[in-house]
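Notes for the one structure printed next.
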2 protein chains.
Amino acid sequence: MRKVRLADVAAVAGVSMKTVSNVVHDYPHVTPEMRRKVQQAIDELGYKPNLTARRLATGKTGMIALAIPEIDHPYFSELSRYIAEEASARGYRVLVEQTLSNPAAERAVLNDREAGVVDGVIFHPVSMNSMEVARLKRDVPVVLLGESTMPVTADHVMIDNVVAAQEGVAHLLAQGRRRIAFLGVVEGDVTGSTDQRLLGYQQGLVDARMPLDPRLILSVTDFTPEESARAVREALEAGLGLDGLVCRDDRFATGALYALRTAGVRVPEDVAVVGWDDTELGRWATPTLTSIAPDKRELAATALQLLGERIDGYQGIGRHRIVSHSLIVRESAPVAAAVLSS
Amino acid sequence: MRKVRLADVAAVAGVSMKTVSNVVHDYPHVTPEMRRKVQQAIDELGYKPNLTARRLATGKTGMIALAIPEIDHPYFSELSRYIAEEASARGYRVLVEQTLSNPAAERAVLNDREAGVVDGVIFHPVSMNSMEVARLKRDVPVVLLGESTMPVTADHVMIDNVVAAQEGVAHLLAQGRRRIAFLGVVEGDVTGSTDQRLLGYQQGLVDARMPLDPRLILSVTDFTPEESARAVREALEAGLGLDGLVCRDDRFATGALYALRTAGVRVPEDVAVVGWDDTELGRWATPTLTSIAPDKRELAATALQLLGERIDGYQGIGRHRIVSHSLIVRESAPVAAAVLSS
DNA sequence: GTGAAAGCGCTAACAT
DNA sequence: ATGTTAGCGCTTTCAC
């Protein structure tokens, strides 16, 4: 009683393979009687269509790849969930690829389509910029996530990082904060994501005619909270006076909160902190974290929409979509007292 | 210049398909000259083997499914990362399936293998117990994660929850805690996972000849921190005196910390808290969270080992593997002063 | 409405 | 060491 094939069902039901196939696919024009007869044979034999064979025959896999740096980074795991849900709603399944920011792994992602594994790719690159992506990919449907300023042949979805960072700074300025730091510039980060946030931070200060102090820009060597905590600790020890802090992401903010707490600095009384990504990490931090929140659901839906169009044959030039964001105000950087009392 | 096939390469190189296949697979017995000639044709044409076709021909997909309740639950996202890494080391790719604890979705997982999508399944069931899994799965290689006491035809990997919970309780008792609560029993949870942790909690108290107070067992309606915070808040409002708390997972612990903090209860001075899973959520909580830590790496490696054996044809009865765990002591439940001064 | 047969692209016997 | 060829299981024109 091994593998039951379409042909077996056809034989038992006494019909052709085509008819069985029609029943399996709910093809409209089959007589009820035929349908019943075939269905019975299917149930009887416990027939399951072989997806691999179907894929070979149709050339469609019904799968998309989601290539992200780390599966367990809160932002990416939360985003993955939305992507998975949106994909599922559109009849796609998701193959999650962890690139660990490794260039070779990132390159390999774009080959998956060519190897017939997936129909398209949603890709958050870290080690290559969009020009390289454009050069590498040939006719693979790709939607890029994250920051990129170059128009390329792939589609892009992102939030307006510059504006978002400006809003974060403005929020702190409205509370009377005057020494606002930015954490953190990551060494070796070539994506421009941090650049845009940093740019927005500076623009926010310039807009308010505040001085720019380069020492207020904190650098880190990687994306971990440990590194972020170290950077903040050293800044405090160096006597860097600051009363506000805009973080590149919630993980950094989490490390920062830890460093501030252990140094005896009160948040938000002494230093107000703004995170980025609105992850669960920040929602339950102490104090709870004010954070710039990309609309992840909209991000996922937009990415799938664009990718779907490409898979369905759209060949046009790369499209850019800006999805909305908001500032979720929590304890670490509450609404200004002035606003409250007004 | 569309799809380049194996046959095209063979034609250009002026050899047979078999020879091309040999080169592609690094088959040893090919003359260097042949290899060079073929390789040149491959590069020239930009040939990429079609994985789907290969899968059809070999019957192996090189993929395994990982079916978990939620992609973005910290425990599962961290576990996923280890699974993905171990799988990758063994030449497998991982298809992550989010079941959302939905029975239909869980059932569908077991069909994937039969449909030829994956070679095997690593499955953390929530809505079905292992008997049901055993009944459903036919000859699908499956490794079960999470708690289950029944010997079945599938393999199991888990930690010893009862012992782990006992250790958590013992840790609190050693600090002189006398009113230790358990959070939380989840309504509708049929997996026995919580049961075992609860059992260990009770056993730990009994071992120390402490009284069991049913009011110290806190119930919740779902797995969110919100629910957990609610349960703790209500317990405090009801005047339930407690000085220690063992949580079913770090998410619950996170919610508990929040509720305790907002109620003005100090941790660990007034209430010491032990979490479960050792996730990033707890590592950066305030105070940092003492947590029972399953060895996730070992868990992943063991699961892949067992699954690999099944895929390679092992047919024996279900095996049970207990992997190690430890108690990671942090601020929320530090080492007893008595121990420190000894 | 239903049947017959030619692929989809690759692998693995078997042959040379 | 390399070539030939029959599948793998399903889809899909194209007749009937």
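Sequence lines set the chain letters: A, B, ... in the order given, protein chains first and strands last, and positions in each chain run from 1.
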>> Ignoring hydrogens and geometry beyond distance, is a side-chain donor-acceptor pair present between A:S77 and A:D72 at under 3.5 Å?
In response: no
>> Going by side chain to side chain donor-acceptor pair (under 3.5 Å), name the residues that satisfy it together with A:T52, two or more places apart in sequence or in a different chain.
In response: none
> Reading DNA chain D 5' to 3', which nucleotide is the first, and which the last, to come under 4.0 Å of any heavy atom in chain B?
Replying inline: D:dA1 to D:dG9
> So, for A:R5 and A:Y47, which heavy atoms are closest and what is the spacing to 0.1 Å?
Replying inline: C-CE1, 3.6 Å
> For B:I159 and B:P294, which heavy atoms make the closest approach, and how far apart are they?
Replying inline: CG2-CB, 3.7 Å
> Tell me, do A:E106 and A:V126 make a side-chain contact under 4.5 Å, heavy atoms counted?
Replying inline: yes
> Between the main-chain N or O of A:D277 and the side-chain N or O of A:K296, is there a donor-acceptor pair closer than 3.5 Å?
Replying inline: yes
>> Parallel, tilted or perpendicular: which one describes the rings of A:H124 and A:F76, with boundaries at 30° and 60°?
In response: perpendicular
>> Base contacts versus sugar-phosphate-only contacts with protein, heavy atoms under 4.0 Å: please encode nucleotides 8-16 of chain C as B, S and - from 5' to 3'.
In response: BBBBSB---
